[in-house]
Amino acid sequence: MIINNENLDIKQIAESGQCFRMNALEDNKYRTVAYGRYIELTQIDETTVDFSCTEEEFNEIWKDYFDLSYDYKRIVDRLLSGKDEFLKKSADFGKGIRILRQEPFEALISFIISQNKNIPAIKTCIEGICREYGEPVKTPQGIMNEYYTFPTPEALAFANREDLRKLKTGYRDEYIIQAARAVYEGELDLQALVESSHEVAVEALMRLKGVGMKVANCVSLFGLHHIEAFPVDVWIKKILDDVYDGKFDLNLYSGYAGIVQQYMFYYIRSAQLIG
DNA sequence: GGCCAGGGCCCAC
DNA sequence: GTGGGCCATGGC
């Protein structure tokens, strides 16, 4: 399934820190698991990607997952024609990034794990949790024993602390279990938060222990697709302090601040050659 | 081997 | 609402 899009760069998406299960198989070829499916993505040229799936599966899952109905070029062009030099460089550098529509529960648990960890450590931890609590991915060709789905709320709600700690969660073990229980028992309705406003979602998420302002904004942005969310982590804070001297005006980008945030994040990290 | 990481909790102030 | 210790652990 060949897709042409001016703003679709798999490497940039995989390295943008929004998802943790998209990994390189070789140069220009990545794989990931989402919504119970495995897929390989090959960047053929700057604007062309080969999705290793049928047209039916593409339309059912991956078109939405990669947010392919949204016009990112409009956002990039707006930034490129603006006056903010840092954002011009950021948007030009990361113009192939898109905000994935990840599964809300996966985003919630992933960003709970992410606190005070670097990205390689987050990936290791999440892969372990998928291996122990997820299911082997099923394909039309059979079961793939090397790839696992992200666990269900139920699977993690009944996990125990010691087992999670062996998977390198550290002190976050109880946060994970409590969040999974809240979702499993219906106390936290993530699907309802997809429909709600970003503000309502953040407030509901922050009632969970282990979910503060930053994690709630990441879940809102990457799991609920509220693209006005603007997570501030140590990297973004560095930019707001050093580049903008504390005077960055979020209101200039209201409605799509999360996309701007991703360009900033990807640019500053790449500029500092951090993996 | 020390420092840092897509932070949050808990407690003073 | 701000500022500091503290948290468990890997990656570099």
Side-chain angles (χ1 to χ4, degrees), chain A residues 12-24 90 94 97-100 102-104 106-132 150 159-180 182 188 198 201-243 246 248 250 257-275:
Chain A
Q12 290 183 5
I13 293 170
E15 295 179 354
S16 68
Q18 62 175 300
C19 59
F20 303 106
R21 303 197 67 202
M22 192 177 291
N23 294 319
S90 300
I97 295 174
R98 314 181 74 82
I99 308 294
L100 301 177
Q102 299 183 57
E103 295 175 77
E106 175 173 345
L108 173 60
I109 300 300
S110 294
F111 282 97
I112 286 175
I113 290 168
S114 79
Q115 67 178 249
N116 220 28
K117 275 182 179 291
N118 57 33
I119 290 177
I122 298 165
K123 287 187 165 193
T124 302
C125 186
I126 291 175
E127 279 317 312
I129 287 179
C130 291
R131 194 173 57 249
E132 293 301 320
F150 195 86
N160 67 61
R161 284 204 185 86
E162 295 72 31
D163 291 342
L164 284 176
R165 288 236 170 174
K166 288 176 195 155
L167 302 172
K168 305 166 185 175
T169 58
Y171 62 89
R172 306 162 192 81
D173 53 359
E174 58 181 317
Y175 299 160
I176 294 168
I177 293 169
Q178 288 186 23
L188 180 67
H198 163 62
V202 165
E203 200 224 303
L205 290 165
M206 283 181 65
R207 288 186 210 133
L208 294 171
K209 198 172 176 185
V211 177
M213 188 63 83
K214 189 272 173 181
V215 168
N217 270 272
C218 281
V219 177
S220 186
L221 178 57
F222 303 128
L224 308 175
H225 207 74
H226 293 310
I227 60 171
E228 65 268 43
F230 190 83
V232 178
D233 72 327
V234 294
W235 295 93
I236 296 294
K237 178 162 175 45
K238 209 173 298 181
I239 294 171
L240 298 184
D241 290 345
D242 297 351
V243 179
F248 182 73
L250 250 187
I259 297 174
V260 174
Q261 192 268 12
Q262 275 305 96
Y263 295 146
M264 297 167 88
F265 181 82
Y266 180 67
Y267 179 63
I268 196 71
R269 282 173 49 83
S270 300
Q272 307 211 3
L273 300 174
I274 306 264

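Chain letters run A, B, ... following the sequence lines, proteins first and then strands; every chain starts at 1.
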Rounded distance (Å) that lies between atom [atom2] of [N] and atom [atom1] of [X]:
X	N	atom1	atom2	value
A/Y175	C/dC6	OH	C1'	10 Å
A/K117	C/dG10	NZ	C1'	6 Å
A/F111	B/dG8	CZ	P	12 Å
A/E162	C/dA8	CD	P	14 Å
A/K237	B/dG8	NZ	C1'	16 Å
A/I122	B/dA5	CD1	C1'	8 Å
A/E15	B/dG6	CD	P	13 Å
A/F20	B/dA5	CZ	P	15 Å

Quick check for you: among [options], whose closest atom lies nearest to any side-chain atom of [X]?
X	options	result
A/V215	C/dG11, B/dG8, B/dC9	B/dG8
A/R165	B/dG7, C/dG11, C/dA8	C/dA8
A/A121	B/dG6, B/dG7, C/dG10	C/dG10

For a quick check of understanding: with a heavy-atom distance under 4.0 Å over all strands, which category does [X] fall into, base, sugar-phosphate or nothing?
X	result
A/T169	nothing
A/S16	base
A/E174	nothing
A/F222	base
A/G210	sugar-phosphate

- Message: Between A/D163 and A/K166 (salt bridge meaning N to carboxylate O under 4.0 Å), is one present in this structure?
- Response: yes
- Item | Ion pair check, A/E127 and A/R131, cut-off under 4.0 Å | no
- Please check if the distance between the ring centroids of A/F20 and A/F222 is under 6.0 Å. no
- Message: Applying the Watson-Crick and G-U wobble criteria at under 3.5 Å, what pairs with C/dG11? Answer none if nothing qualifies.
- Response: B/dC3
Under-4.0 Å side-chain N/O to phosphate OP1/OP2 contact, [X] with [N]:
X	N	result
A/S114	B/dG7	no
A/K209	C/dC7	no
A/R269	B/dG6	yes

- Do side-chain atoms of A/S220 reach the backbone of A/H226 as a donor and acceptor pair under 3.5 angstrom? no
- Can any side-chain N or O of A/S114 pair as donor or acceptor with the backbone N or O of A/F111 at less than 3.5 Å? yes
- For the pair A/M264 and A/I236, evaluate side chain to side chain contact (heavy atoms under 4.5 Å, CB included) and give the outcome as yes or no after the intermediate values. CA-CA 7 Å; A/M264 297 167 88; A/I236 296 294; 4.1 Å; yes
- Query: Side-chain donor or acceptor of A/Y171 under 3.5 Å from a matching atom on the base of B/dG7?
  - Reply: yes
- Message: Using only modelled atom types and a 3.5 angstrom limit, is any donor from either the side chain of A/N116 or the base of C/dA8 paired with an acceptor on the other?
- Response: yes
Taking the same atom, [atom1], in [N] and in [M], what whole-Å distance lies between them?
N	M	atom1	value
B/dG1	C/dG11	C1'	13 Å
B/dC4	C/dG5	P	15 Å
C/dC7	B/dA5	C1'	14 Å

- 5' priority, DNA chain B, between A/L208 and A/Q261 [closest heavy atom]: A/Q261
- Task: Please tell me which of A/C218 and A/M206 maps to the more 5' nucleotide of DNA chain B, matching each residue to the nucleotide holding its nearest heavy atom.
- Result: A/C218
- Task: Compare the aromatic ring of A/W235 with the six-membered base ring of B/dG6 and state whether they stack according to the 5.5 Å and 30° rule.
- Result: no
- Nearest-nucleotide wise, let me know which of A/G170 and A/T124 is further upstream toward the 5' end of DNA chain C. A/G170
- Between A/Y266 and A/Q261, do the side chains contain an N or O donor and an N or O acceptor separated by less than 3.5 Å? no
